[in-house]
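Take a look at the structure set out below.
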Amino acid sequence: MTLLEVRELVKHYAGKRGIFAGHREKVRAVDGVTFALARGETLGLVGESGCGKSTLGRLVVRLEEPTAGKILLAGEEITGWTGRKLRELRRRFQIIFQDSSSSLNPRRTVGAIIEEPLANFGVAKRERQERVAELLTLVGLEPGDAWKYPHEFSGGQRQRINIARALALQPELVVCDEPVSSLDVSIRAQILNLLRGLKRRLNLSYLFISHDLAAVNYLADRVAVMYLGKIVEILPAEGLVSQARHPYSRALLRAVPEPDPRQRTGRKPVVRGETPDPARPPAGCRFHPRCPEARDVCRQDEPVLKEVGEGHLLRCHFS
Ligand code: SF4
């Protein structure tokens with residue numbers, strides 16, 4: 001059953017001034033994105049920094065307003081929700097950010113931080129305290145940790161506190177925006193395991209945003225690859241390695257480091273060239289200046305996202 005649907009979503013920002021007086025270039029952070037997310041599903045969203053994936057996450061939870069397009073929750077359009085309805089949405093959709101420290105107020109105890117959303121929704125003090133103890137246990141911390149301050153915890157533990165707070169109001173969808181990127185490799189695996197366990201236990205849906213394809217592949221049911229404001233490929237995670245067909249997806253896969261250090265060659269065939277300026281995306285296929293398979297038609301005609309297999313969508317003229 002579909003929980004979230006995003007249709008032709010667009011977010012343009014006013015960029016720097018152009019060469020003509022009064023003219024501002026438009027930064028096309030998100031430029032016509034369409035996807036659906038089922039209840040209990042994890043959609044991994046992967047791409048280089050600056051491709052628009054974090055903006056897309058903030059648009060979904062309505063922390064930013066789209067320039068155009070629609071977002072639907074269980075078939076109902078939420079793009080125009082304000083007031084009471086938007087408040088209700090804040091309960092149903094939550095977001096976890098990358099930096100576990102900056103999202104926790106250092107002057108408040110962990111208990112006060114986790115119970116804040118409950119207080120905002122009018123939950124009584126006693127019930128809040130019980131819920132905080134439950135949440136801390138759920139994320140692998142101790143109920144007594146409620147009396148400590150954020151600086152008394154490691155980076156991984158602080159991210160557990162962020163997860164506990166995000167789950168306080170029993171949301172249906174959690175947008176995880178690079179939640180493990182700032183953590184050490186061993187801690188990263190623990191947090192990914194925690195997120196995976198919580199998803200199963202609470203039937204959560206995740207939009208899991210990361211530049212780390214290995215982390216996305218570990219957690220996601222399907223993977224969406226984003227390049228310069230557009231999704232270029234969506235496919236089931238189990239087929240990612242063997243079936244990804246877009247030249248950009250394949251380049252990202254080649255750049256994933258070999259887990260066994262003895263197998264590492266030191267050669268990283270990452271995508272050649274710099275990401276183009278999102279205020280001036282290339283004509284035709286946006287990936288053509290960096291694509292080893294580009295031909296004349298790629299420089300002129302923009303490919304559309306079309307079905308090439310079961311659950312597999314691809315934006316490329318050829319691959
Ligand atoms: Fe490369 Fe052309 Fe496909 Fe774009 S449309 S990814 S340039 S082959």
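Every number for a ligand or one of its atoms is a count from 1 in the order of the listing. This is a predicted model, so every value here is computed, not measured.
Here C285 has side-chain heavy atoms under 4.0 Å from ligand 1, and that is the only part of it that gets that close. In R295, neither the side chain nor the backbone holds a heavy atom less than 4.0 Å from any atom of ligand 1.
E178 places a side-chain N or O within donor-acceptor distance of the main-chain N or O of H211, the cut-off being under 3.5 Å.
Here C298 meets the criterion, with an N, O or S atom under 2.8 Å of atom 2 (Fe) of ligand 1.
Between R90 and R62, the closest side-chain pair of non-hydrogen atoms falls below 4.5 Å.
For the atom pair Y227 OH and C285 SG, the distance stands at 8.5 Å (nearest 0.5 Å).
Atoms of ligand 1 found under 4.0 Å from any heavy atom of H246 (numbered from 1 in listed order, with element): 6 (S). Against a heavy-atom cut-off of under 4.0 Å, C291 is close to the following atoms of ligand 1: 1 (Fe), 6 (S), 7 (S), 8 (S). The H317 neighbourhood of ligand 1 comprises atoms 3 (Fe), 5 (S), with distances under 4.0 Å to a heavy atom of that residue. Residue C316 has at least one heavy-atom neighbour below 4.0 Å for each of these atoms of ligand 1: 3 (Fe), 5 (S), 6 (S), 8 (S).
Within 6.0 Å of atom CD in E307, more than 12 heavy atoms from other residues, nucleotides or ligands are found, so the atom counts as buried in its surroundings.
Each of I209, D177, L45 was evaluated against L56; a single residue qualifies, L45, per the side chain to side chain contact (heavy atoms under 4.5 Å, CB included) test.
Between H246 and F287, the ring centre distance stays below 6.0 Å.
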